[in-house]
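Worksheet for the structure shown next.
Naming convention: chains lettered A, B, ... in sequence-line order (proteins, then strands); numbering from 1 in each chain. As the structure is a computational prediction, the values presented were derived from the model and not from experiment.
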Amino acid sequence: MGKTYNPHEIETTWQSYWEEHKTFKVAEDSNKEKFYLLEMFPYPSGRIHMGHVRNYTIGDVVARYKTMKGCNVLHPMGWDAFGMPAENAAIESKTHPAQWTYSNIDMMKQQLKRMGFSYDWDREFATCDVQYYKWEQWLFLQMYERGLAFRKKSYVNWCDSCRTVLANEQVEGGLCWRCKAEVSQKELQQWCFRITQYADELLKSLDTLSGWPERVVTMQRNWIGKSYGTEIAFTIEHTDEPITVFTTRPDTLYGATFMSLAPENPLALKLSEGTEQAAAVRAFVEKVLKQDKTVRCSDDLEKEGIFTGAYCINPVTGYRMPIYVANFVLMEYGTGAVMAVPAHDQRDFEFAQKYGLEIKVVIQPEDSDLNPATMTAAFEDEGRLVHSDQFNGQKNTDAMQAITAFLAEQGLGRKAVNFRLKDWGISRQRYWGAPIPIIYCEDCGTVPVPAEQLPVVLPEKISLEVLGRSPLADCAEFVNTTCPTCGKPAQRETDTMDTFVESSWYFARYACPDYDKGLLDGKRVRYWMPVDQYIGGIEHAVMHLLYARFFTKVLRDLGLVHVDEPFTNLLTQGMVCMETYQCENCGWLYPEEINQGNCTRCERPVQIGRTEKMSKSTKNVVDPEKLIATYGADTARLFCLFAAPPERDLEWSDKGVEGSYRFLQRVWRLVTEHTALLNDAAAVDWHGVDEADVKALRRKTHQTIQKVTDDIETRFHFNTAISAVMELVNQLYQFDVDKDTSPVRTAAFREAVQAVLLLLSPMVPHICEELWHQLGNTGTVFTAAWPVWESATARADEIEIVIQVNGKLRGKIMVAADAPEALIKEQALTCDSIQQWIAAKEIIKVILVPGKLVSIVVK
RNA sequence: GCGAGAGUGGCGGAAUGGCAGACGCACUGGGUUUAGGACCCAGCGGGAAACCGUGGGGGUUCGAAUCCCCCCUCUCGCACCA
């Protein structure tokens, strides 16, 4: 009898072994196929949560599997360490963000090590390390030189709770992505990255990302939002100044009867200046700008506007179009001005009705006749042009081209594309981030910090009392400097960079984290990049994943990387959730304790709670620490892999965890109760072995190897891989290994047990490592070769063939695996169990699906 | 509103044109045990049966959870995009 399964002892033993032997350290090796596996690095919030456990377990399985398959696997880990939680926590607990961050890193690193992940810890870095952000500042300067980093004043998203600016990608439904507070618009000077310069390429090369989930590609495509249309200039009456609009419907130009401006459009105030409208327009604009994004963009917000007092002229009809300011016009899309065609745009229609503006039909449907006086809604479908001079009678889809061409000829407009994507505002008015390396000099203006003066180090002594400006602004030693150009006193930029900047290039830095001569070591980067498999949450579909793609293209154009795209394959794993049920009598229940809405214990109806994402904000959180303390890391890993396929949400179940633990004990006993016998097993010649149960076991072993390999390699379906191994283990329990002392019997048993350990080792490495060694193997299971299946052994001699009559299952026969088609058909037709179904009937067709079934069609 | 994905036992989930419900959880019975737990074995969609069953309805096919059309529900993303 072997000793009992003690996960803690085994796990700490092997974790120390791996650490001492630097088992997971990698270096470039041109003789091996490289494989770069990366999971999205964590923010050091304090402790790891179940989402981390799941994400990193999935990654670890792939890393270990690829290593066993002979690849040179890069599997690094680090910390996305700048950011506001550190600053907020520091203010609250009167510590320093750096101290808070680094102590969290220590804590979480211990937790990750306790999970037994196969990271090359020698490559670890935190993005708040000076050596890291120094190169980021250097990159900023390169981008500044090329016009990719620039400063501009504009309306930006402002989160009053975080007291900082947010990029468009960081506003979710009008709320701050981080704190869920309402976002308002504020006019600010800030630094931007010209991501729009790469808009076309970012869109086009989405097509090359065949290893990405379609969902993410679509989200990015929509986010970039390229639309084709026409730019048209309308001259403002009594001036030479034009208002330019972007429209995707140039075919409706003859029906444009007024102009709508976004409240943010500077023309709004300018045009009304000096008119009797001025005060009213100003009041309206102020009212709209004060509204937060949720209110302003809500569905049921009434369309409102105000006349500016000015007119512009429709270039093709000469119509005198009143210029309005309208609350539904967006400054950030197109030009912030819209030509309004009430007959053919529902919003304009409603607006025109409200303010008594003319509705002019210029497109008629084929089957009816629109009358502006009786229309109840805009007509937005296809039709033929009317009231449109030489374009009358054309199909509107053709007229789009024709009118655009006409405008171009007359110098009144041109073909244009418009992107929804906006430049990335990166200034953040907070302390805990990478300083922007810019100096402002009264004489020389904006001066970049010379590269040799980098890094611009964050000052340590700082007051973090935040008042809507960067705390750095109140730190005299930081702000006051001398101009690098003229040497006179000058001031530093005090905003810091968005933390998404750090995560936009960290993946490349892992190739050469120690490199001190530049941002990246070309040689090593060339070996490791791109990331072959990236794994992380879907929540980064347009933020991080878009920025990282942008940076990769910038780095490429700077000659620093050789790839166009950073991540060849992307796996987006689902969230960890917990469904909550409550019985008034028995308290909290698990899903398996409920039968048709009733509590299985007391039969009373239960209250069903929401399925909630496990996060700090909900109370029903499972702490991985406790899970490990109770069952060990292997059980935690196994449960995460077994309960659901990776891309789906994982529903937590305490009972499911127990089941995982039970399976590991079952594996443990299988080996430890037969150690002596297993160690006696010798290599045998399998030729001529014909004991049925031995053959069956070997068949199952090889079938399992094939199934598990396929599930991991092509689909990441670890749940079905595990269930396949469970089946093999069940069969091993049924196998009577002590029936006789035949060497073939023990050899088949050992072969199967070894397969179990090898196949499970990427998923539950500790227990497999321990048992692997108890079987007398040396070295680590991590570097043992992945087992190979023999198709001849996996193939059955006899197979079951299902017989269908008119599509219904009517019988089954056993046939030799290599039986000829005609014989199988004949056996099917003569088989007793189906006679009653085919007798006295005309057989029309007999279909054979090799290895599966015979389908008989009768009449 | 637009786009994407999903809907299968009491529960998590298998099966992607070929035996629906693998594997696990829960449950039931048996074995073992002084007893309980643990463990081992068996059963486990509905129905007495014929049969009926993969959100609902239609279609293609010898054969549909799987493919096509319509509808319903849920989740996610975008959303006054001119």
Query raised in the report: Of A:Lys812 and A:Ser227, whose closest RNA chain B nucleotide lies nearer the 5' terminus?
Result: A:Lys812
Query raised in the report: Under 6.0 Å between the ring centres of A:Tyr631 and A:Phe639?
Result: no
Report task. Examine B:C52: is either OP1 or OP2 under 4.0 Å from a nitrogen or oxygen in the side chain of A:Lys808? Give yes or no. Result -> yes
Report task. When you get a sec, tell me which of B:A14, B:A22, B:C40 is the closest nucleotide to the side chain of A:Arg648? Result -> B:A14
Report task. Would you indicate which nucleotide in B:C23, B:A15, B:C62 comes nearest to any side-chain atom of A:Arg715? Result -> B:A15
Report task. Would you indicate whether the side-chain heavy atoms of A:Phe663 and A:Phe642 approach each other to under 4.5 Å? Result -> no
Query - side-chain N/O A:Arg347 vs B:G1 OP1/OP2, d < 4.0 Å - result: no
Query raised in the report: Paired with B:C27: which nucleotide, if any, by Watson-Crick or G-U wobble criteria at under 3.5 Å for both distances?
Result: B:G43
Requested in this report: Return the 5'-most residue of the pair A:Ile856, A:Lys707 with respect to RNA chain B, ranking by each residue's nearest nucleotide.
Outcome: A:Lys707
Query - Donor/acceptor link under 3.5 angstrom from A:Lys655 side chain onto base of B:C11 - result: no
**Report entry** side-chain contact (heavy atoms from CB on, under 4.5 Å) involving A:Ala352 - partner list, sequence neighbours excluded
**Finding:** A:Phe258, A:Pro342, A:Leu357, A:Ile359
Report task. If B:A48 has a Watson-Crick or G-U wobble mate with both distances under 3.5 Å, name it; if not, just say none. Result -> none
Requested in this report: May I ask you to check if A:Arg420 and A:Tyr333 form a cation-pi contact, with NZ or CZ under 6.0 angstrom from the six-membered ring centre and within 45° of the axis?
Outcome: no
Report task. Could you check whether A:Asn327 gets within reach of a base, just the sugar-phosphate, or nothing at all, counting any heavy atom under 4.0 Å? Result -> nothing
Report task. Check if the side chain of A:Glu214 and the base of B:G5 share a donor-acceptor pair of N or O atoms closer than 3.5 Å. Result -> no
Query - Pair partner, B:G17 [Watson-Crick or wobble, under 3.5 Å] - result: none
Query raised in the report: What does A:Gln804 touch in the nucleic acid at a heavy-atom separation under 4.0 angstrom: a base, only the sugar-phosphate, or nothing?
Result: base
Query raised in the report: What is the nucleic acid contact for A:Val725, judged by heavy atoms within less than 4.0 Å: base, sugar-phosphate only, or nothing?
Result: nothing
Query raised in the report: Step by step, would you call A:Asp649 with A:Arg54 a salt bridge (Lys or Arg N to Asp or Glu O under 4.0 Å)?
Result: CA-CA 11 Å; A:Asp649 284 353; A:Arg54 188 180 191 202; 5.4 Å; no
Report task. Considering only atom C1', compute the distance from B:U73 to B:A82 and round it to an integer number of Å. Result -> 33 Å
Query raised in the report: Within the pair A:Asn719 and B:A14, is there a side-chain N or O less than 4.0 Å away from OP1 or OP2?
Result: yes
Query raised in the report: Which is true for A:Ser855 with a 4.0 Å heavy-atom rule: it touches a base, it touches only sugar-phosphate, or it touches nothing?
Result: base
Query - Phosphate-side-chain proximity, A:Ser723 and B:A22, N/O vs OP1/OP2 below 4.0 Å - result: no
Query raised in the report: How is A:Val857 classified with respect to the nucleic acid when contacts are heavy atoms under 4.0 Å: base, sugar-phosphate, or nothing?
Result: sugar-phosphate
Query raised in the report: Taking OP1 and OP2 of B:A26, is either one under 4.0 Å from a side-chain nitrogen or oxygen of A:Arg662?
Result: yes
Requested in this report: Can you label the angle between the A:His540 ring and the A:His544 ring as parallel, tilted or perpendicular, going by 30° and 60°?
Outcome: perpendicular
Requested in this report: In sequence, state the C-alpha distance, the side-chain angles, and the governing distance for A:Ser227 and A:Asn418, and then conclude on side chain to side chain donor-acceptor pair (under 3.5 Å).
Outcome: CA-CA 5 Å; A:Ser227 48; A:Asn418 188 65; 4.6 Å; no
Query raised in the report: Just checking A:Gln734: base, sugar-phosphate only, or nothing, at a heavy-atom cut-off of under 4.0 Å?
Result: sugar-phosphate
Requested in this report: Would you check, one step at a time, whether the test salt bridge (Lys or Arg N to Asp or Glu O under 4.0 Å) holds for A:Lys422 with A:Glu332?
Outcome: CA-CA 8 Å; A:Lys422 294 293 137 197; A:Glu332 60 270 25; over 6 Å; no
Query raised in the report: Where the side chain of A:Glu800 is defined as all heavy atoms beyond and including C-beta, which of B:C62, B:C19, B:C23 is the nearest nucleotide?
Result: B:C19
Query raised in the report: Of the nucleotides B:C62, B:C51, B:G18, which one has an atom closest to the side chain of A:Trp837?
Result: B:C51
Report summary line: Winner on side-chain proximity to A:Val802, out of B:C19, B:G3, B:G13, is B:C19
Report summary line: Regarding the side chain of A:Val329, the nearest nucleotide among B:A82, B:C23, B:G18 is B:A82
Query raised in the report: Is the shortest heavy-atom distance from the side chain of A:Arg549 to the side chain of A:Gln220 under 4.5 Å?
Result: yes
Query - Whole-Å distance separating the CD atom of A:Gln836 from the P atom of B:A50 - result: 11 Å
Considering only nitrogen or oxygen atoms on both sides, find all protein atoms under 3.5 Å from nucleotides 75-78 of chain B and state each distance.
from  : atom 1 : to       : atom 2 : distance (Å)
B:C78 : O3'    : A:Arg420 : NH2    : 2.7

Query raised in the report: When you measure from the side chain of A:Lys852, which nucleotide among B:G18, B:C19, B:G24 comes out closest?
Result: B:G18
**Report entry** Pairing partner of B:G1 (Watson-Crick or G-U wobble, both distances under 3.5 Å)
**Finding:** B:C78
Query - Paired nucleotide for B:U66 [Watson-Crick or G-U wobble; both distances under 3.5 Å] - result: none
Report task. Kindly point out which of B:A22, B:C25, B:A82 is positioned nearest to the side chain of A:Glu727? Result -> B:A22
**Report entry** Nucleotide of B:A22, B:C19, B:A82 approaching A:Tyr333 most closely (side-chain heavy atoms)
**Finding:** B:A82
